[in-house]
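Some notes on the structure that comes next.
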Protein chains: 2
Amino acid sequence: MNKYIGVLKRTQMFAGVIDDEISSMLSCLGARIKSYKKGEYVLRQGEHLRDIVVLVDGNLHIQKDDYWGNRSILGQIAVGELFGEAYMAPESSALLNDVVAVEDSTVILFDVRRIITTCPSACRFHAMVVQNMFFVISEKNKRLVQKLGHMSKRSTREKLISYLSEEAKKQNNASFTIPFNRQQLADFLSVDRSAMSNELCKMRDDGHLEFDKNQFKLL
Amino acid sequence: MNKYIGVLKRTQMFAGVIDDEISSMLSCLGARIKSYKKGEYVLRQGEHLRDIVVLVDGNLHIQKDDYWGNRSILGQIAVGELFGEAYMAPESSALLNDVVAVEDSTVILFDVRRIITTCPSACRFHAMVVQNMFFVISEKNKRLVQKLGHMSKRSTREKLISYLSEEAKKQNNASFTIPFNRQQLADFLSVDRSAMSNELCKMRDDGHLEFDKNQFKLL
DNA sequence: ACAAATCGGTTGTTTTTACAACAAAAAGGA
DNA sequence: TCCTTTTTGTTGTAAAAACAACCGATTTGT
């Protein structure tokens with residue numbers, strides 16, 4: 001687990017906490033490590049979650065498949081980001097989505113209750129982690145609101161524009177890479193892949209953007 | 001402000017805090033009170049928010065209007081609920097939506113920084129409010145995820161089913177009232193009102209539900 | 001290197017939704 | 001109460017999206 005201290009140090013959750021402190025906090029917070037192969041389920045819809053899941057290597061998707069096999073992707077977790085913040089309240093622990101490793105992945109799990117309850121042994125930085133968590137959850141909420149902003153657009157084209165412009169803004173560059181292939185992007189925006197592909201090409205022909213694979217450039 | 005202590009006491013934010021303590025916390029948390037007439041803007045998109053807004057009377061909608069006048073409703077704030085939790089992180093304070101009073105409303109504002117920073121004078125229940133806020137944000141997060149669940153459905157009918165069943169579940173009754181009229185519900189689900197109205201009537205004719213105004217019953 | 005699987009784009013058809021216009025019913029105000 | 005405004009349902013048409021099927025290119029595994 002110690003080999004990932006460098007990764008943890010750079011997460012928002014542990015912002016301002018030094019290596020030595022992280023190391024001692026691992027036990028204080030009941031940390032455990034787990035690895036998953038590409039395609040494996042990290043968590044399943046309906047499961048009860050009592051941990052905060054921090055991704056230290058790989059790539060996760062939060063998604064849901066309906067009865068007819070339609071998939072919708074709620075979001076993506078990149079290295080350093082975490083999952084499970086929505087299930088910290090004691091009563092609301094039944095997961096609404098699956099969490100799937102889209103690449104070989106490694107996560108570190110922290111016991112939720114140990115995070116929100118400041119420990120008696122009072123490791124110095126516990127209070128800072130609590131405050132960091134506030135900001136992390138707050139950020140997460142904002143991202144969900146942004147996603148709702150994309151989804152509330154009526155046409156496929158508008159959804160694409162909404163999503164791509166925000167991605168450009170987030171990466172602070174008109175050229176940027178998205179973490180999805182076409183099918184995944186369609187599942188993320190809840191539209192049909194072929195229709196979306198069509199629309200992307202039209203937008204390209206209209207001179208609004210250029211793309212190659214998952215690399216885009218807004219014009 | 002003191003006339004609303006009874007309301008505050010029943011909010012999740014102040015769960016477990018007694019009247020006297022709330023009263024003293026009001027100044028500790030830099031509380032201010034504001035009232036709005038029906039139709040007035042409480043907050044506007046792009047504004048910078050440094051407060052948590054608790055609704056103590058009335059009804060608020062969180063919404064956004066685009067250039068062409070299309071409105072989309074992100075959510076509704078009922079008495080006792082709060083707004084602003086997505087903007088607690090110092091860098092993310094630019095509002096993504098308007099907040100509008102859909103009835104005459106009264107809110108109490110709390111300085112965010114005073115909430116997350118435990119005060120030196122250490123009012124006894126401050127720590128409890130901090131923990132409560134964790135749960136509130138977490139709940140909000142869950143609600144956003146649920147809304148994304150509805151929005152990710154491909155057809156108007158499925159969106160309606162998704163929303164209405166959840167509402168029934170939330171109110172723990174097959175008969176329930178929704179906080180929207182038809183146009184508002186359409187704006188909430190991002191569909192056309194007339195098409196939605198049509199679909200609702202078809203669903204009624206198919207024997208799936210009954211409704212009268214904003215009172216629904218699932219069969 | 002080869003076969004198999006995945007991925008992205010294209011096209012035609014069907015289904016669904018948006019849009020516009022209107023009428024009946026209900027609510028609100030003078 | 002009566003008039004005005006708002007709300008809801010209805011219908012027809014136009015536009016858009018979903019669906020299905022296919023192909024070529026790329027990637028992956030052996």
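Convention: sequence-line order gives letters A, B, ...; per-chain numbering from 1.
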B:Glu199 CD to D:dT8 C1': how many Å, rounded?
16 Å
When the ring planes of A:Tyr163 and A:Phe180 are compared, do they come out parallel, tilted or perpendicular, using 30° and 60° as the limits?
tilted
Residue met sooner reading DNA chain D from 5', once A:Ser194 and A:Arg157 are mapped to nucleotides
A:Arg157
Name the closest nucleotide to the B:Phe211 side chain, picking from D:dG9, D:dT10, D:dA16.
D:dG9
Tell me the interatomic distance from B:Arg71, atom CZ, to C:dC19, atom P, rounded to whole angstroms.
16 Å
Would one find a side-chain N or O of B:Ser155 under 4.0 angstrom from OP1 or OP2 of C:dT16?
no
Report yes if at least one side-chain N or O of A:Arg182 is closer than 4.0 Å to OP1 or OP2 of C:dG9; otherwise report no.
yes
Sorted by position of nearest nucleotide on DNA chain C, 5' first, the leading residue of B:Lys159 and A:Phe180 is A:Phe180
Picking from C:dG9, D:dA17, C:dA18, the nucleotide nearest the side-chain atoms of A:Ser197 would be C:dG9
Taken to the nearest whole Å, CG/B:Leu185 to C1'/D:dG9 is 15 Å
For the pair made of CG in B:Asp187 and P in D:dT7, what is the distance, rounded to whole Å?
11 Å
Heavy atoms of B:Val56 and B:Val79 approach each other most closely as O-CG1, 3.6 Å
Do B:Lys147 and B:Phe188 form a cation-pi contact, if we require the NZ or CZ to be under 6.0 Å from the six-membered ring centre and within 45 degrees of the ring's axis?
yes
Could you tell me the separation between the CZ atom of A:Arg50 and the CG atom of A:Leu109, rounded to the nearest 0.5 Å?
12.5 Å
Does A:Lys213 make a side-chain N or O approach to OP1 or OP2 of D:dT27 shorter than 4.0 Å?
yes
Identify which nucleotide among C:dG8, D:dA17, D:dG9 has an atom closest to any side-chain atom of B:Cys201, counting heavy atoms from C-beta outward.
D:dG9
Check this one for me: any side-chain N or O of A:Asn181 less than 4.0 Å away from OP1 or OP2 of C:dC7?
yes
When A:Asn70 and B:Gln184 are each assigned the nearest nucleotide of DNA chain D, the 5'-most assignment goes to B:Gln184
Taken to the nearest whole Å, CZ/B:Arg154 to P/C:dT14 is 22 Å
Side-chain contact check for B:Asp192: nearest option of D:dG9, C:dG9, C:dC19 is C:dC19
Please determine, for the side chain of B:Arg204, which listed nucleotide (D:dT10, C:dG9, C:dT17) has the closest atom?
D:dT10
Taking atom P of D:dC19 as reference, at what distance in whole Å does atom CZ of A:Arg193 sit?
12 Å
What is the distance from CD of A:Gln183 to C1' of D:dA18, rounded to the nearest Å?
13 Å
In whole angstrom, give the distance that lies between atom CG of B:Leu200 and atom C1' of D:dG9.
11 Å
Nearest-neighbour nucleotide for the B:Asn198 side chain, D:dG9, D:dT11, D:dA17 considered
D:dT11
Which residue in the set B:Asp66, B:Asp98, B:Asp65 passes salt bridge (charged side-chain N to carboxylate O under 4.0 Å, His left out) when paired with B:Arg71?
B:Asp65
Could you check, using the six-membered ring where one of them is a Trp, whether A:Phe176 and A:Phe211 have ring centers closer than 6.0 angstrom?
no
